[in-house]
Amino acid sequence: MELSANPTPRLALYAVERGLLKSPLVLLDVGVQGGINARWKAMGEAVKVYGVDPIVEVIDALAADHGKFLPIALGREDGEREFFVTANKYGSSFYPASDGERRVVPVRRIDSLIATGDIEAPDFIKLDCEGAEPEILGGAHTFISSRKLLGLESETSFGVSVLHPQSHFYAVHDPLVKAGLTVFDLAFSRTPRPVFARIGLSPPGIMRPNTFNMLFCRDFAYDRSHAVPWDVEIPTIDQIIKLAMIFEAYDMRDCAYDTLVTFADVLDMALPPHRAQQLLLSA
């Protein structure tokens with residue numbers, strides 16, 4: 001269920017080599033179990049990584065990786081909560097589980113981490129938190145409302161529940177679209193109905209899509225050329241190049257190129273259209 005990745009991010013490496021950025025792209029990886037995705041590692045010094053996970057063993061295993069890793073959970077409050085670590089640690093969550101080891105873990109809001117300087121304001125956030133994504137976004141309200149976030153990858157679903165009567169997707173999408181981020185890509189898995197699992201059979205035909213992995217991004221090029229329902233400011237050179245780097249990382253090179261060409265006047269000679277074409281569109 002992985003989204004596409006570009007193993008050769010030539011734009012990102014060029015931006016670092018030529019000193020085009022005032023600061024590296026800041027990635028906040030929430031639910032960092034398994035390590036940082038290869039799409040970001042390929043970008044080298046173009047990316048500064050912060051990773052968080054409430055499972056201490058996960059953070060300890062990442063000690064040799066490049067980045068700052070914090071053994072905490074994220075949510076909409078600062079404090080402590082009960083967390084259930086399951087036998088398959090990838091399924092660990094705040095929700096009770098029959099095979100879960102109960103632990104009390106520290107919980108922080110993204111807004112608090114930024115305010116105290118524990119992390120820098122991220123350009124991009126990756127969320128993989130077993131359903132807690134809306135809570136985490138709730139704890140980042142101040143930051144997200146500032147419209148400084150350029151992109152976000154999140155697991156989600158269209159399922160409804162008592163917690164999310166308008167669907168989990170709505171709870172994730174609503175604060176993001178209000179901050180100018182829209183869906184750019186998705187991948188999904190299909191899961192059979194439980195009745196088939198109980199009798200040990202694989203269902204015939206097409207199973208219903210279950211979990212989605214979605215990429216949300218700003219669209220500076222669209223904002224500049226269309227009437228949009230939010231206030232539009234001319235982005236900085238750093239923001240323009242970083243958004244193009246995000247698109248490149250997810251192999252959406254047409255979007256990266258459109259962004260750079262649309263703002264050729266802002267970029268001036270820092271990254272002219274012919275160079276952008278060479279970096280992004282040449283074989």
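Worth knowing before you read on, the calculation uses all heavy atoms, side chains too, and leaves out hydrogens, waters and symmetry mates.
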Is it the case that more than 12 heavy atoms not belonging to [X] sit under 6.0 Å from its [atom1] atom?
| X | atom1 | answer |
| --- | --- | --- |
| I199 | CD1 | yes |
| E45 | CD | no |
| H164 | NE2 | yes |

Rounded distance (nearest 0.5 Å) linking atom [atom1] of [X] with atom [atom2] of [Y]:
| X | Y | atom1 | atom2 | value |
| --- | --- | --- | --- | --- |
| R275 | L267 | CZ | CG | 14.0 Å |
| L243 | L260 | CG | CG | 8.5 Å |
| D123 | S23 | CG | OG | 6.5 Å |
| C129 | L74 | SG | CG | 7.0 Å |
| I246 | L150 | CD1 | CG | 5.0 Å |
| F216 | L176 | CZ | CG | 5.5 Å |

So [Y] and [X], do their side chains get closer than 4.5 Å, heavy atoms only?
| X | Y | result |
| --- | --- | --- |
| H173 | M214 | no |
| Y257 | L281 | yes |
| D118 | R108 | yes |
| Y14 | L20 | yes |
| Y90 | D128 | no |
| R76 | H141 | no |

For the residue pair [X] and [Y], what are the closest heavy atoms and their distance?
| X | Y | value |
| --- | --- | --- |
| S154 | L152 | CB-CD2, 3.6 Å |
| L28 | P122 | CB-CB, 3.9 Å |
| V52 | I59 | C-CD1, 4.3 Å |
| A221 | S225 | O-OG, 3.1 Å |
| P9 | M43 | CG-CG, 3.8 Å |
| I36 | V32 | CD1-CG2, 3.6 Å |

Step-by-step side chain to side chain contact (heavy atoms under 4.5 Å, CB included) determination, L215 to L186:
CA-CA 6 Å; L215 175 66; L186 61 85; over 6 Å; no
Is there a path of hydrophobic side-chain contacts, each under 4.5 Å between heavy atoms, that joins [X] and [Y]?
| X | Y | value |
| --- | --- | --- |
| L25 | L13 | no |
| V183 | L137 | yes |
| L127 | F158 | yes |
| V16 | L11 | no |
| I234 | F220 | yes |

Would you say the side chains of [X] and [Y] form a donor-acceptor pair under 3.5 Å?
| X | Y | value |
| --- | --- | --- |
| D174 | Q166 | no |
| Y50 | E120 | yes |
| N213 | E2 | no |
| T236 | D238 | no |
| T156 | H168 | yes |

[X] side-chain N/O to [Y] backbone N/O, donor-acceptor pair under 3.5 Å:
| X | Y | result |
| --- | --- | --- |
| R147 | A179 | yes |
| N210 | S157 | no |
| K126 | G31 | yes |
| E248 | A12 | yes |
| T86 | N88 | yes |
| E133 | G131 | yes |
| T262 | T259 | no |
| E135 | A132 | no |
| R81 | G75 | no |
| K68 | K48 | no |

Aromatic ring pairing F83/F94, orientation class (parallel under 30°, perpendicular over 60°, tilted between)
perpendicular
Is the F124 ring parallel, tilted or perpendicular to the W40 ring (thresholds 30°, 60°)?
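F124 vs W40 ring planes: tilted.
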The side chain to side chain contact (heavy atoms under 4.5 Å, CB included) partner of I110 among T142, I125, I144 is I125
So, are R224 and D265 salt-bridged, with charged N and O less than 4.0 Å apart?
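Between D265 and R224 there is a salt bridge, with a charged N closer than 4.0 Å to a carboxylate O.
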SB check R218 D223 (cutoff 4.0 Å)
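Between D223 and R218 there is a salt bridge, with a charged N closer than 4.0 Å to a carboxylate O.
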Check step by step if side chain to side chain contact (heavy atoms under 4.5 Å, CB included) holds for Y170 and V160.
CA-CA 9 Å; Y170 177 86; V160 298; over 6 Å; no
As a quick check of understanding, evaluate side chain to side chain contact (heavy atoms under 4.5 Å, CB included) for R102 and F84, giving each step before the final call.
CA-CA 5 Å; R102 298 184 179 211; F84 297 85; 3.4 Å; yes
